Amino acid sequence: MRDDWATFGADLHLELRGTRLRAGLMDALREAVRGGRLAPGTRLPSSRQLAADLGVARNTVADAYAELVAEGWLTARQGSGTRVADRSDPLPPARPPRPAPAGLSPGGTPGRGGLVPAYDLRTGSPDLASFPRAQWLTAYRRALTAAPNEAFGYGDPRGRAELRAVLAEYLARARGVRARPERIVICSGFVHGLMLMAQVLRARGAGAVAVESYGLDFYTGILRGAGLATPALPLDERGTRVDGLRAAAPGAVLLTAAHQFPLGGALPPERRAAVVDWARAAGGLVLEDDYDGEFRYDRQPVGALQGLDPERVVYLGTASKSLAPGLRLAWMVLPEELVEEVTAAKGAVVDWMCGTPDQLAFAEFVRSGAYDRHIRAMRLRYRRRRDQLVAALAAHAPGVRPSGIAAGLHAVLPLPPGTEQPLLRSAAWHGLALQGLSQFRHPEAVAVREGLVVGYGTPPDSAWQPALATLARVLETLPVD
């Protein structure tokens, strides 16, 4: 098969022979770069466009692009497309990602400095390209049309009554939460809710909040900033051990019970019961972070821990993983005795009030059923990505198998001792942003293993396959037992 491909004024004759179309396309593109017909920095057509031009499957082109990116012939960045790499030698190794602008880290986080990756498999974000813009706009218009004038004032520190009523029904149905609207407080994200709880706990005289051995140091930093110690609970092969709570005597414990972050397990039933028993006996509180509880792929999601005892468990949920973190919408379901204290703490800082139009729009989005439909669609998408990750590992790194349950937006890949840091360096060299398990270990916790934390929910669809191919290429360097 012979096709002429014209792009940016350069006529390229790509000759694809036989049935090995991907290999033929890769060879043709390499020769075009070597021969100077594709100059450094030239932007290539999208995989969809080139596939249509050549009359081949889109996956053929996408896979060829991904392989050439991994080899260093091409570069790919979200928003800039696929381009010819800037190479001074015709056969250099894969190029590292280019330096970020001052003050930007991978992904654009202000104030840290670093590199801009070609592909991002870090955790902490859903697929932002999948935000349901049209459905959200419909909900927003309906909500604003029906909104009373007083809705645009400062309002109730607990949040709009319309949203709290809708959430009470949804959380009971979807997560087994026992909630009444008057016990729900709307927050500007999970961090805001944790800040409020830390303030209230310190005011009540608590000296410590126990945390899991592996988690986000940013959260423990918030607790310590409020004057609370953060002892780490021990860990075994079944997950977080809660039997040490009686000896540690903290005022509360922070847990990701439905899907532990980042290790990926679910708190076993007997330990769920044991932590609630401890809270009742000691007068303590359980802070339940249900950050991605809706996303379980091999069975129905386990119900929230809060359902076991609404008077001893503070439930914290968020739209950051199910919709988008930019909405800044989260919620707490509180024991009755805490409602007044948390409301007072929130109401004292007007700048932390959540935007009324977004609250009303989200209430309409949930009430109309659009939120349920979106969750179902994203559950299928993320499950498909996880299955593709497992298949790629079986093909390219058969010694690596994801640990934990089939749930959430990330997977942990356990590694042999001494390989985590070299693989992270290799990934960075290939332009792939990854995180190691050691990054999430509490300073006082015993290291249980090495591994990679792969955020398969982060990339848009256009970047997922190339990112997966690059990850597979990095893992192929692991020694085989």
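Quick caveat, the model's predicted, so the values are computed rather than measured. The basis for the numbers below is simple: all heavy atoms, side chains too, and nothing from hydrogens, waters or symmetry mates.
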In Å and rounded to the nearest 0.5 Å, what is the [atom1] to [atom2] distance from [X] to [Y]?
| X | Y | atom1 | atom2 | value |
| --- | --- | --- | --- | --- |
| L323 | I375 | CG | CD1 | 6.5 Å |
| M378 | R373 | CE | CZ | 15.5 Å |
| L233 | H442 | CG | NE2 | 9.0 Å |
| L389 | L121 | CG | CG | 8.5 Å |
| L393 | L413 | CG | CG | 5.5 Å |
| R379 | R376 | CZ | CZ | 8.5 Å |

Could you pull out the closest heavy-atom pair between [X] and [Y], with the gap in Å?
| X | Y | result |
| --- | --- | --- |
| Y315 | G317 | CE2-N, 3.9 Å |
| S188 | R328 | O-NH2, 3.1 Å |
| P126 | P325 | CD-CD, 3.9 Å |
| A345 | Q199 | CB-NE2, 3.7 Å |
| M197 | V342 | SD-CG2, 4.0 Å |
| D120 | A433 | OD1-CB, 3.7 Å |

D63: partners by side chain to side chain donor-acceptor pair (under 3.5 Å), with sequence neighbours left out: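 With neighbours one apart ignored, the set is empty.
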Could you check whether any side-chain N or O of [X] sits under 3.5 Å from a backbone N or O of [Y], counting only pairs where one atom can act as donor and the other as acceptor?
| X | Y | value |
| --- | --- | --- |
| R158 | R183 | no |
| R312 | G283 | yes |
| K321 | G293 | no |
| T470 | P466 | yes |
| R385 | P459 | yes |
| R202 | G227 | yes |
| Y214 | V448 | yes |
| R272 | A257 | no |
| E450 | G418 | yes |
| T458 | R122 | yes |

Where at least one partner belongs to residues 284-294, residue pairs that pass salt bridge (charged side-chain N to carboxylate O under 4.0 Å, His left out), sequence neighbours excluded: R175-D290
Ring-plane angle category for F295 and Y297, please: parallel below 30°, perpendicular beyond 60°, tilted otherwise.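 F295 and Y297: tilted rings.
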For residues R83 and T75, is any side-chain donor paired with an opposing acceptor at under 3.5 Å?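 The answer is no; no qualifying pair exists.
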When you check the side-chain N and O atoms of T230 and Y219, is any donor under 3.5 Å from an acceptor?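 No, because no side-chain N or O of T230 sits under 3.5 Å from a partner of the opposite role on Y219.
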Tell me whether the count of non-hydrogen atoms from other residues, nucleotides or ligands lying under 6.0 Å of CZ in R133 goes above 12.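 No, not enclosed.
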Side-chain ion pair, [X] and [Y], N-O less than 4.0 Å:
| X | Y | value |
| --- | --- | --- |
| D387 | R384 | no |
| D298 | R296 | yes |
| R381 | D461 | yes |

Ring pair (Phe, Tyr, Trp, His ring centres under 6.0 Å) contacts touching residues 246-289 (sequence neighbours left out):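 Residue pairs with at least one partner in residues 246-289: H259-H410, F261-Y291, F261-H410, F261-F440.
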State, yes or no, whether a side-chain contact exists between L475 and L452 at a heavy-atom distance under 4.5 Å. yes
Do the non-hydrogen side-chain atoms of L167 and I186 ever get within less than 4.5 Å of each other?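 Contact flag for L167/I186 side chains = yes.
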Would you be so kind as to tabulate the donor-acceptor pairs closer than 3.5 Å made by side chains of residues 239-253, with sequence neighbours excluded?
residue	atom	partner	partner atom	Å
R241	NE	D243	OD1	3.4
R241	NH2	D243	OD2	3.0

Do F362 and W331 make the cut of ring centroids closer than 6.0 angstrom? yes
Can you list everything that forms a side chain to side chain contact (heavy atoms under 4.5 Å, CB included) with R204? Sequence neighbours excluded, please.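 Once residues adjacent in sequence are excluded, the partners of R204 under the side chain to side chain contact (heavy atoms under 4.5 Å, CB included) criterion are V200, E337, L338, E341.
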Taking only residues two or more places apart in sequence, or in another chain, which ones meet Y456 in a ring-ring contact (aromatic ring centres under 6.0 Å, His included)? none
